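Because the structure is a prediction, the values reported are computed rather than measured.
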Amino acid sequence: MPKRDSTVRGREFGAGIRAAIDKAGLTGRGASQLAGWDPAKLSDLMNGKGGVSEHDLIRLLGVCRTPLDESDHLLTMYREADRSGWLQVHGERQPILPRTIGEHEAVATELLCWSMNLIPGALQLPDYMRALIEGNPNSPSEEADSRVTARSVRQQVLIQRRCAMTFYIHEQALLLPVGGPDVMSDQLDHLMTMSKRLYITCRIVPISAGAHAGQAGSFTLMRFDKLDPVIFIDAENHGVFLDDKASAKAYTNILKALDRTALDAEQSRELIERIAL
């Protein structure tokens with residue numbers, strides 16, 4: 001099979017292959033030897049670039065003794081890995097542990113987030129998260145603890161990695177009293193504290209700016225060391241991943257326009273502090 005450009009689906013496939021090898025207690029070289037492969041062939045596969053046949057893949061999964069359900073998932077990813085863009089429909093509600101976005105956030109070198117109505121997820125406190133979950137009719141109350149825990153773990157992966165993060169936030173997100181006055185007061189204090197970290201920048205788009213470039217909705221643009229950018233759009237029961245060059249250009253243009261409209265970092269902190277009082 002010819003090699004292909006890396007896509008979101010291809011990278012999830014590669015991450016799944018790495019996980020299968022790890023769970024088998026093997027190294028990449030060890031798995032290659034057992035499958036009768038050159039190590040470079042496995043490296044290309046794990047980077048989502050193809051280069052193997054379906055028969056080769058089944059042989060590797062057999063060597064790793066990968067469970068049937070995960071093998072079926074990886075075979076599906078393999079067959080679709082060259083498709084650009086990915087609409088993931090989750091059914092009635094989002095999964096507690098969304099796989100694809102977590103895997104991409106874990107390796108991104110930079111995140112640029114635009115949030116029109118809410119404090120961005122990476123900066124939310126647990127009580128703020130819980131209020132959002134409890135306000136959603138599609139999230140069962142018995143899942144609240146699990147969802148808060150899962151979001152907190154995903155958040156900590158980002159924070160501990162210290163990758164560069166820029167958050168463009170509309171002022172109306174600071175004024176929406178999610179969870180009530182006490183929760184919102186704590187949340188705004190947390191936002192100010194996090195914005196003082198060297199790798200985190202918060203830029204507020206003031207209400208006085210009127211119409212702005214981000215009116216189509218919130219999104220996150222992720223950049224990587226050796227891969228093309230990926231845009232993620234989060235919605236009620238689905239997520240959209242865009243990995244084509246035209247989308248990257250379009251959303252980068254939106255971020256550039258928001259950068260011109262937003263208050264600078266110090267002005268943003270001053271506005272957050274005024275609202276928090």
Side-chain angles (χ1 to χ4, degrees), residues 101 104-105 108 110-133 135-136 148 151-152 154-159 161-223 229-236 239-240 250-277:
I101 183 61
H104 279 72
E105 286 175 341
E110 183 180 13
L111 269 73
L112 298 104
C113 173
W114 159 239
S115 188
M116 192 162 62
N117 299 308
L118 300 171
I119 303 300
L123 302 175
Q124 293 174 5
L125 286 173
D127 286 344
Y128 186 96
M129 296 179 197
R130 185 178 297 279
L132 292 176
I133 292 167
N136 187 331
V148 169
R151 292 184 187 187
S152 297
R154 177 179 149 196
Q155 180 188 88
Q156 286 306 308
V157 169
L158 272 178
I159 299 302
R161 287 188 59 241
R162 295 173 175 265
C163 73
M165 291 181 276
T166 301
F167 299 95
Y168 294 95
I169 308 169
H170 198 279
E171 183 181 353
Q172 63 192 10
L174 309 179
L175 300 173
L176 185 67
V178 174
D182 290 343
V183 169
M184 203 61 204
S185 177
D186 289 344
Q187 179 61 70
L188 292 177
D189 285 343
H190 180 67
L191 188 60
M192 284 190 290
T193 299
M194 296 299 287
S195 70
K196 294 174 183 177
R197 299 194 179 196
L198 295 179
Y199 57 96
I200 294 177
T201 302
C202 291
R203 303 279 306 282
I204 307 301
V205 174
I207 291 174
S208 60
H212 54 78
Q215 292 181 132
S218 304
F219 64 90
T220 298
L221 187 147
M222 295 174 280
R223 290 181 175 145
V230 171
I231 298 93
F232 175 61
I233 304 168
D234 200 12
E236 178 59 36
V240 179
Y251 282 88
T252 297
N253 287 340
I254 291 173
L255 290 168
K256 288 179 179 178
L258 289 172
D259 186 71
R260 294 191 294 269
T261 303
L263 303 175
D264 65 28
E266 184 58 36
Q267 291 170 331
S268 296
R269 278 194 290 270
E270 291 173 358
L271 177 57
I272 296 168
E273 186 172 11
R274 288 200 300 273
I275 294 173
L277 293 177

side-chain contact (heavy atoms from CB on, under 4.5 Å) assessment of Ile101 paired with Arg154: CA-CA 9 Å; Ile101 183 61; Arg154 177 179 149 196; 3.5 Å; yes

Kindly indicate, with the supporting measurements, whether the criterion side-chain contact (heavy atoms from CB on, under 4.5 Å) is fulfilled by Ile133 and Arg151. CA-CA 11 Å; Ile133 292 167; Arg151 292 184 187 187; 3.8 Å; yes

Pair Glu236, Asn136 - check side-chain hydrogen bond (donor to acceptor under 3.5 Å, both in side chains), show working. CA-CA 9 Å; Glu236 178 59 36; Asn136 187 331; 3.1 Å; yes

Check step by step if side-chain contact (heavy atoms from CB on, under 4.5 Å) holds for Leu174 and Ile119. CA-CA 7 Å; Leu174 309 179; Ile119 303 300; 3.9 Å; yes

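At least one donor-acceptor pair closer than 3.5 Å links the side chain of Ser152 to the backbone N or O of Val148. Ser185 contributes no side-chain N or O that, together with a main-chain N or O of Asp182, makes up a donor-acceptor pair within less than 3.5 Å. A distance-only check finds a donor-acceptor pair linking the side chain of Arg161 to the backbone of Glu105 [under 3.5 Å]. Between the side chain of Glu171 and the main chain of Ile207, a donor-acceptor pair closer than 3.5 Å is present.
The distance from the OG1 atom of Thr166 to the CG atom of Leu112 is 5.0 Å, given to the nearest 0.5 Å. For the atom pair NE2 (His190) and CG (Leu125), the distance works out to 4.5 Å, reported to the nearest 0.5 Å. Here Ile272 contributes atom CD1 and Leu277 contributes atom CG; the two are 12.0 Å apart, rounded to the nearest 0.5 Å. The line from SG of Cys113 to CE of Met222 is 10.5 Å long, rounded to the nearest 0.5 Å. One finds the CG atom of Leu118 at 7.0 Å from the OG atom of Ser218 (value rounded to the nearest 0.5 Å). Interatomic distance, Arg197 CZ to Cys202 SG, rounded to the nearest 0.5 Å: 11.5 Å.
Cys163 places a side-chain heavy atom less than 4.5 Å from the side chain of Leu111. Looking at heavy atoms from C-beta onward, Phe167 lies out of side-chain contact with Thr201 at the 4.5 angstrom threshold. Side chains of Met194 and Ile159 form a contact here, defined as non-hydrogen atoms less than 4.5 Å apart. Side-chain contact between Leu188 and Ile275 is present, with at least one heavy-atom pair separated by less than 4.5 Å. A heavy-atom distance below 4.5 Å is not found between the side chains of Leu191 and Gln124.
No more than 12 heavy atoms of other residues, nucleotides or ligands sit less than 6.0 Å from atom CZ of Arg162. The 12-atom threshold is exceeded at CG of Leu175, counting heavy atoms of other residues, nucleotides or ligands nearer than 6.0 Å.
The minimum heavy-atom distance between Thr261 and Pro206, with the atom names listed, is O-CD, 4.0 Å. Minimum heavy-atom separation, Val178 to Met184: N-SD, 3.8 Å. A pairwise comparison of heavy atoms in Asn117 and Gln172 identifies OD1-NE2, 3.0 Å as the closest pair. Of all heavy-atom pairs between Gly217 and Trp114, the closest is O-CD1, 3.2 Å. His212 and Met116 make their closest contact through CE1-SD, 4.0 Å (heavy atoms, listed as atom of the first residue, atom of the second, distance). Smallest separation of non-hydrogen atoms from Gln155 and Met129: NE2-CE, 3.4 Å.
Among residues at least two apart or in separate chains, salt bridge (charged side-chain N to carboxylate O under 4.0 Å, His left out) pairs with a member in residues 257-274 are Arg203-Asp259, Glu266-Arg269.
Ile233 meets the side chain to side chain contact (heavy atoms under 4.5 Å, CB included) test with Phe219, Ile231, Val240, Leu242, Tyr251; sequence neighbours excluded.
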